[in-house]
Asker: 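Attaching a single structure in structure tokens format; questions to follow.
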Amino acid sequence: MASPFADPRTGQLYFRRAVPEALRAAFDGKAVVKVTLGTKDPAAAKVGFARENAAFETKLADARRRMAEGTLVPTPAALVRRWCEAPQTGGGLTGPQRLAMTFMELDAAAGSRQSSDVEDIYPPAIMGPASNTDWDLVLGDRTRFERLVAESYGGDVEQTGTNWIRLRWHHAERAWLRCLDGPVTRLRDFDPSGQRFSDDEIAKALLDVVDERRGGDEEANRARLSRHRPRATSSRLRPNLRLKALYREWKAGNEPRPQTAGEYEAAVDDFIDFTGDPTISMIDADMLYDYRDEAAKLPASMPRADRALPFTARVAKHEGANPKCAPPTLKKRVGALQALLTYAFQQRWTATNAGSGIRIVGYSKKKRTRRSFEDHELATLCASALFTDPASWNTKSRISDVTVFWIFLLCITTGARLEEVGQVALADVRRDGDIVYLDIDEYAEENDAEDKSVKTEESKRLLPVHERLIELGFLEYMDALAARGSTELFPDLKENSVGKRTKEASQKLNRIIDSHVSADRRLVFHSLRHAFKAKGNDAGLTDKTLDQICGHAPVSTGSRYGSEPRIRTIHRDLHRIDFSCIDWKAIGHGVAKLRWRKLLAA
């Protein structure tokens, strides 16, 4: 299957597809279509690749139709591409050699001239015998071509076109336009289809190709433009920029999520504590490797109080502890510094990128695979005391078992993300007749309500509450919260420094899974979401309905407020999913005698 192509020199990602030879006329004669995707990030490139691939397939289908109808005719661009790419005939030149010969002919026509008022970027080609050459003879004789390259360019075919480039970018059109006459004549004679095009049409198509193929054109043009647009300052370099100031510049330019910004700032503070706050021009690879090695001594976890210690104090206190922090955690620490230094390099604030190529032993970009809950594992989880014996609940811990109970059941029966459920306000629990649903959104109706966020725009949706939860007392639980003056569905979940409410809850939920179900590291709380989707597929729900329930596709404005039947359709389909593996009777028996107001008051 086609996928983005990475330029081995720059890492830039491209859409690249080969064009069948018979259909190249529809693609201006190109053998390969190559379009930049404007990114080096494989994940970000997927969207652009899909768009370009769809456009390519559409054009390909159209070309096949035109060929069947007999209307697929050559273009001037296709003529030039065949000149540059078609295989050799007899003892003549290959396509790339014909292009190099074109550059030599342009060099000879341009002559060895210097550009006025501009630094001489391209050294004059030594034309020698090429100045008075019969190019038709060269076209048919590969040996003659190779001798000309050796005599006039020292054997370096990449130097062909140096005179032409200077003339093309530094002088007016009238000075270089006539240089194209000879190559245009040869192009017309090369292919009978060329007779249908004017000299101007062929010249324009040839100019597009030679500008594309000869590297350095942009640099030369930039030098020419600098005469007319002088820089306001002598240099963009900022060698005295400190890392903390660079972080602020990066944050303003990228507007990262609060969690990402917090992680980057923590890495900067640690690095400054370790190195003594050097300027970015003083930071080198050795300094980053030394920091990496020191950070690798930190433990996988530590008490909350110790996390507030300076970096060097944390390392000294826990140097002998085991296990050590995992490679992904270490990569996150060092990667934050690499990203900042790369940003400075991209802004031309530093001449080198010291952060490039820092390796983390054991780290791989491959994400840890998660797996879905099997039915017997869901049954085991829901048969634990948390669900069947409310008398064992701990209501005084930071994250109460009451909260854990309802979060588990909501996510099992809806496939919702943990943070989405954790930030729900009581005002977000709504009714449409006999249907109870959660309005997952990032707005808050109360002025003093806590901030909310969603992962994507598609995550905003209406989420029906399963009838099983209503039977277990979900509405009574809400009434008890309201009676206590609470505005949140889970009031013991508090925002941390980066605006997340469920980090501690996530740890507790995963510990319960580990202790009651399996210690398999692939089985985590998020696996409930995978299980829900699998069950939805088993029940025959359409992808559209499943995506709307799970927050992978938007719903209409009307359906968000219950004025359309969409919420009822989703509610109906949700209850087609089979949760019979869970012993609901045992859970119901456990909570039957609960008095929610009394429990929450305790």
Asker: Do any N or O atoms from the side chain of K508 and from the backbone of I399 form a donor-acceptor pair under 3.5 angstrom?
Answerer: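 Yes: the side chain of K508 pairs with the backbone of I399.
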Asker: Looking only at atom types and distance, does a side-chain atom of W406 sit under 3.5 Å from a main-chain N or O of F490, one as donor and one as acceptor?
Answerer: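 The answer is no, because no donor-acceptor pair under 3.5 Å joins these two groups.
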Asker: If you look at every heavy atom in P303 and H318, which pair is closest and at what distance?
Answerer: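 That would be CD-CE1, 4.0 Å.
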Asker: Taking the basic N atoms (NZ, or NE/NH1/NH2) and the acidic carboxylate oxygens, is any pair closer than 4.0 Å for K533 and D547?
Answerer: yes
Asker: Could you tell me whether R359 atom CZ has more than 12 heavy atoms of other residues or ligands within 6.0 Å of it?
Answerer: no
Asker: Side chain of S527, backbone of R371: donor and acceptor closer than 3.5 Å?
Answerer: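 Present.
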Asker: First locate atom CG of L337, then atom CZ of R292, and finally report the distance between them rounded to the nearest 0.5 Å.
Answerer: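 Answer rounded to 0.5 Å: 13.0 Å.
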Asker: Hey, mind stepping through I549 and L541 against side chain to side chain contact (heavy atoms under 4.5 Å, CB included) and telling me if it holds?
Answerer: CA-CA 11 Å; I549 296 174; L541 271 64; 4.2 Å; yes
Asker: Heavy-atom count check: over 12 atoms from other residues, nucleotides or ligands less than 6.0 Å from K251 NZ?
Answerer: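 12 or below, so no.
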Asker: Would you say that T342 contacts S356 through its side chain, given a criterion of any heavy-atom pair below 4.5 Å between the two side chains?
Answerer: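 They are not in side-chain contact.
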Asker: Please work out whether the ring planes of Y477 and W596 are parallel, tilted or perpendicular, with thresholds of 30° and 60°.
Answerer: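 Perpendicular, since the angle between the ring planes exceeds 60°.
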Asker: So, D375 side chain and C581 main chain: donor-acceptor pair closer than 3.5 Å or not?
Answerer: no
Asker: Could you report the tightest heavy-atom contact between L341 and G355, atom names first, then the distance?
Answerer: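 Heavy-atom minimum between the residues: CD1-N, 3.9 Å.
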Asker: For C325 and A295, which heavy atoms make the closest approach, and how far apart are they?
Answerer: SG-O, 3.7 Å
Asker: Decide if atom CZ of R576 counts as having more than 12 heavy atoms of other residues, nucleotides or ligands within a radius under 6.0 Å.
Answerer: yes
Asker: Tell me if a side-chain donor or acceptor on S515 pairs with a main-chain N or O of I512 at a distance below 3.5 Å.
Answerer: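 Yes; judged by distance alone, with no hydrogens or angles, the pair exists.
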Asker: Is the NZ or CZ atom of K34 positioned over F5's six-membered ring, under 6.0 angstrom from the centre and within 45° of the axis?
Answerer: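 Judged by the rule (NZ or CZ under 6.0 Å from the ring centre, within 45° of its axis), K34 is not positioned above F5.
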Asker: Hey, what do you get for CZ (F405) to OG (S384), rounding to the nearest 0.5 Å?
Answerer: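 Those atoms lie 10.0 Å apart.
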Asker: Under 30°, 30 to 60°, or over 60°: which ring-plane class applies to Y291 and F311, parallel, tilted or perpendicular?
Answerer: tilted
Asker: Is there a side-chain contact between L410 and F474 in this structure, where contact means two heavy atoms from C-beta onward sitting under 4.5 Å apart?
Answerer: yes
Asker: Do NZ/NE/NH1/NH2 and the carboxylate oxygens of R17 and E52 come within less than 4.0 Å?
Answerer: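 No salt bridge links R17 with E52.
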Asker: Is the shortest heavy-atom distance from the side chain of I440 to the side chain of L462 under 4.5 Å?
Answerer: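 Not touching, per the 4.5 Å side-chain cut-off.
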Asker: Hey, mind stepping through E265 and Y247 against side chain to side chain contact (heavy atoms under 4.5 Å, CB included) and telling me if it holds?
Answerer: CA-CA 7 Å; E265 187 171 21; Y247 162 77; 3.6 Å; yes
Asker: Atom CG of residue position D543 - does it have more than 12 heavy atoms of other residues, nucleotides or ligands inside 6.0 Å?
Answerer: no
Asker: Sub-3.5 Å donor-acceptor pair from the side chain of H575 to the main-chain atoms of E467, do we have one?
Answerer: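 Such a contact is found between H575 side chain and E467 backbone.
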Asker: Count the heavy atoms belonging to other residues, nucleotides or ligands that lie under 6.0 Å from CZ of R572, then report whether that count exceeds 12.
Answerer: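 Yes, because the 6.0 Å sphere around CZ of R572 holds more than 12 heavy atoms from other groups.
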Asker: Which atoms form the tightest heavy-atom contact between L288 and A354, and what is the distance?
Answerer: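 Of all heavy-atom pairs spanning L288 and A354, the closest is CD1-O, 3.4 Å.
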Asker: Enter the distance from L509:CG to L528:CG here, rounded to the nearest 0.5 Å.
Answerer: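 Between L509 CG and L528 CG, I get 9.0 Å after rounding to 0.5 Å.
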Asker: Quick check: do V524 and I513 have side-chain heavy atoms less than 4.5 Å from each other?
Answerer: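 When only atoms from C-beta onward are counted, I513 and V524 do not touch, as no gap falls below 4.5 Å.
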Asker: Would you say N254's side chain and P256's backbone share a donor-acceptor pair under 3.5 angstrom?
Answerer: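 No, because the side chain of N254 does not come within donor-acceptor range (under 3.5 Å) of the backbone of P256.
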Asker: Whether R597 and E476 form a salt bridge (side-chain N of Lys/Arg under 4.0 Å from carboxylate O of Asp/Glu) is what I want to check.
Answerer: no
Asker: I'd like to know if K59 pairs up with D62 as an ion pair, taking the criterion as any Lys NZ or Arg NE/NH1/NH2 lying under 4.0 Å from an Asp or Glu carboxylate oxygen.
Answerer: no
Asker: Enter the distance from I582:CD1 to L409:CG here, rounded to the nearest 0.5 Å.
Answerer: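 One gets 7.5 Å once the value is rounded to the nearest 0.5 Å.
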Asker: Testing the basics here: between L463 and A416, what is the closest heavy-atom pair and its distance to 0.1 Å?
Answerer: CD2-CB, 3.7 Å
Asker: I'd like to know if K244 pairs up with D269 as an ion pair, taking the criterion as any Lys NZ or Arg NE/NH1/NH2 lying under 4.0 Å from an Asp or Glu carboxylate oxygen.
Answerer: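 Answer for the salt bridge query: yes.
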Asker: Are W584 and E471 packed together at the side-chain level, in the sense that at least one heavy-atom pair is separated by less than 4.5 angstrom?
Answerer: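 No; the side chains remain at least 4.5 Å from each other.
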Asker: Give a yes or no on whether the backbone of A321 and the side-chain of K324 come within a donor-acceptor separation of less than 3.5 Å.
Answerer: yes
Asker: Give a yes-or-no answer on whether the side chains of S580 and D578 include a donor-acceptor pair shorter than 3.5 Å.
Answerer: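 A pair is found: one side chain offers a donor N or O, the other an acceptor, under 3.5 Å apart.
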Asker: Closer than 4.0 angstrom, basic N to acidic O: yes or no for E294 and R333?
Answerer: no
Asker: Would you indicate whether R314, at its atom CZ, is surrounded by more than 12 heavy atoms from other residues, nucleotides or ligands within a distance under 6.0 Å?
Answerer: yes
Asker: Indicate yes or no: at least one non-hydrogen side-chain atom of Q548 is less than 4.5 angstrom from one of R461.
Answerer: no
Asker: Has the side chain of N353 got a donor or acceptor atom that lies under 3.5 Å from a matching backbone atom of F345?
Answerer: no
Asker: Compute the ring centroids of F525 and F408, then answer whether they are less than 6.0 Å apart.
Answerer: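 So the answer is yes for these two rings.
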Asker: Where do V268 and W250 land on the side chain to side chain contact (heavy atoms under 4.5 Å, CB included) test, with the steps shown first?
Answerer: CA-CA 12 Å; V268 167; W250 168 85; over 6 Å; no
Asker: Heavy-atom distance under 4.5 Å between the side chains of L475 and R431, does that happen here?
Answerer: yes
Asker: Please report the interatomic distance CG(L381) to CG(L386), rounded to the nearest 0.5 Å.
Answerer: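 Here the interatomic distance stands at 7.5 Å.
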Asker: One thing to verify: whether D7 and K40 come together as a salt bridge, which I'm taking to mean a side-chain N less than 4.0 angstrom from a carboxylate O.
Answerer: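 Looking at D7 together with K40, the answer is no, because their closest N to O distance does not fall below 4.0 Å.
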Asker: With distance as the sole test, does R501 use its side chain to make a donor-acceptor pair with the main-chain N or O of K494 at under 3.5 Å?
Answerer: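 No: the side chain of R501 does not pair with the backbone of K494.
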Asker: Could you walk me through whether L481 and L426 pass the side chain to side chain contact (heavy atoms under 4.5 Å, CB included) test, one step at a time?
Answerer: CA-CA 8 Å; L481 288 172; L426 290 182; 4.0 Å; yes
Asker: Looking only at heavy atoms, what is the nearest atom pair of Q423 and E488, with distance?
Answerer: O-OE1, 4.0 Å
Asker: Quick one: does C382's side chain get under 4.5 Å of I412's, heavy atoms only?
Answerer: yes
Asker: So with a 6.0 Å cut-off around NZ of K332, is the heavy-atom count from everything else above 12?
Answerer: no
Asker: Check each of L418, V402, L489, T502 against I407 using the side-chain contact (heavy atoms from CB on, under 4.5 Å) test, and report the only one that passes.
Answerer: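 Per the side-chain contact (heavy atoms from CB on, under 4.5 Å) rule, the option paired with I407 is L418, out of L418, V402, L489, T502.
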Asker: Can you tell me how far CG of L523 sits from OG of S518, rounded to the nearest 0.5 angstrom?
Answerer: 5.5 Å
Asker: Any carboxylate oxygen within less than 4.0 angstrom of a Lys/Arg side-chain nitrogen, looking at K535 and D538?
Answerer: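 No, this pair does not count.
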